[in-house]
Amino acid sequence: MSDVSPFKTGFVALIGKPNAGKSTLMNKLLGSKLAITSAKPQTTRNRIAGVHTDDRMQAILVDTPGIHEAWTELNKVMVKMAVSALNDVDVICWLGDMTELAKRIEKGRAVLDVIDDQIAQSMVAAGKPVIFVANKIDVVPNPLVLPVIEAVTKALPVAAAVPLSALTGDGVDGLLKEIHAHLPAGPPLYPEDEWTQVSE
């Protein structure tokens, strides 16, 4: 009996507030490159920002506008776009800014604020596996990391929680492992030569 696991392919949304570090993580996952798509039509998935391909999987990364308090009509549209992206993907990576979340834990406040709660409700409604990405662990005291993760996992049914630093790359391999675990089996959708690599 073969123990070779099947190749996996799927769409992965990166969601979070504007300062959560989505772009930094995106660049780290793409090997510090931004990939732009070919002329292949994308109807529902027109927010594709890049493709991470390795020998086990192809993770098609879908970028979303940062979710924030939507005061203007333009902001409301951007937030709606971010939330609607969740319906078109296989896995959701929710980036939490640990500098902000750890401060709340230190002050004895609820770890999730109103906007975080809105994001959480949208993710639950989408019904997709959620990976909580505790970003910026390089600048947060170690003893605060676990209490934040525990508080988030109590508030939201997450499939996994991964502490990492998108800046240094520490923990990114762990995130890729979790993404792989939750993607469906399937052949790659994009041959590498259909993607143009442009430097950041």
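Every heavy atom of this structure was used, including side-chain atoms; hydrogens, water molecules and symmetry mates were not. Residue numbers count from 1 along this sequence.
Shown here for Met123 and Ile15, the closest heavy-atom pair between the two residues is SD-CG2, 4.2 Å. Scanning both residues, Ala161 and Thr153, for their nearest heavy atoms gives CB-CG2, 4.3 Å. Scanning all heavy atoms of the two residues, the minimum distance from Gly186 to Thr9 falls at O-OG1, 3.1 Å. The heavy-atom pair separating Phe7 from Asp54 by the smallest distance is CE1-O, 3.5 Å. Looking at every heavy atom in both residues, Gly96 comes nearest to Leu101 through CA-CD1, 4.0 Å.
Ionic pairing of Asp97 and Lys17 is not present here: no N-O contact between side-chain nitrogen and carboxylate oxygen is shorter than 4.0 angstrom.
Atoms NZ and CG, from Lys136 and Leu95 in turn, are 9.0 Å apart once rounded to the nearest 0.5 Å.
With a 4.5 Å cut-off on side-chain heavy atoms, Lys8 and Gln58 do not count as touching. Considering only heavy atoms from C-beta on, Val111 comes within 4.5 Å of Ile105 through its side chain. You'll find the side chain of Val162 stays beyond 4.5 Å of the side chain of Phe132, heavy atoms only. Side-chain contact check for Val51 versus Leu189: every heavy-atom pair is 4.5 Å or farther apart. At least one side-chain heavy atom of Trp94 sits less than 4.5 Å from a side-chain heavy atom of Ile119. Side-chain atoms of Val62 and Leu14, non-hydrogen and from C-beta on, never get closer than 4.5 Å to each other. Under the 4.5 Å side-chain criterion, counting only non-hydrogen atoms from C-beta, Glu100 is in contact with Asn19. By the 4.5 Å heavy-atom criterion applied to side chains, Val12 and Asp90 are not counted as neighbours.
By the rule that hydrophobic residues join a cluster once side-chain heavy atoms approach within less than 4.5 Å of another member, Leu146 and Val148 end up as members of separate clusters. Under the 4.5 Å side-chain contact rule for hydrophobic residues, Leu167 and Val140 do not share a cluster. By the criterion of side-chain heavy atoms lying less than 4.5 angstrom apart, applied directly or through intervening Ile, Leu, Val, Met, Phe, Trp or Tyr residues, Val145 is grouped together with Val152 in one hydrophobic cluster.
Residue Leu164 forms a side-chain contact (heavy atoms from CB on, under 4.5 Å) with just one option from Val133, Asp138, Asp170, and that option is Val133.
Using modelled atom types, no side-chain atom of Arg109 and backbone atom of Arg104 make a donor-acceptor pair closer than 3.5 Å. Side chain of His52 to backbone of Leu29: a donor-acceptor contact under 3.5 angstrom is found. In this structure, the side chain of Asn135 engages the main chain of Ala166 through a donor-acceptor pair within 3.5 Å. A donor-acceptor pair is defined here as one N or O able to donate and one able to accept, closer than 3.5 Å; no such pair exists between the side chain of Ser165 and the backbone of Ile137. Between the Asn27 side chain and the Thr24 main chain, no donor and acceptor come within less than 3.5 Å of each other. In this structure, Lys128 contributes its side chain and Asn87 its backbone to a donor-acceptor pair below 3.5 Å.
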When the side chains of residues 173-183 are checked against the rest of the protein, which donor-acceptor pairs come out under 3.5 Å, sequence neighbours left out?
unit_1, atom_1, unit_2, atom_2, d
His182, ND1, Glu178, O, 2.8

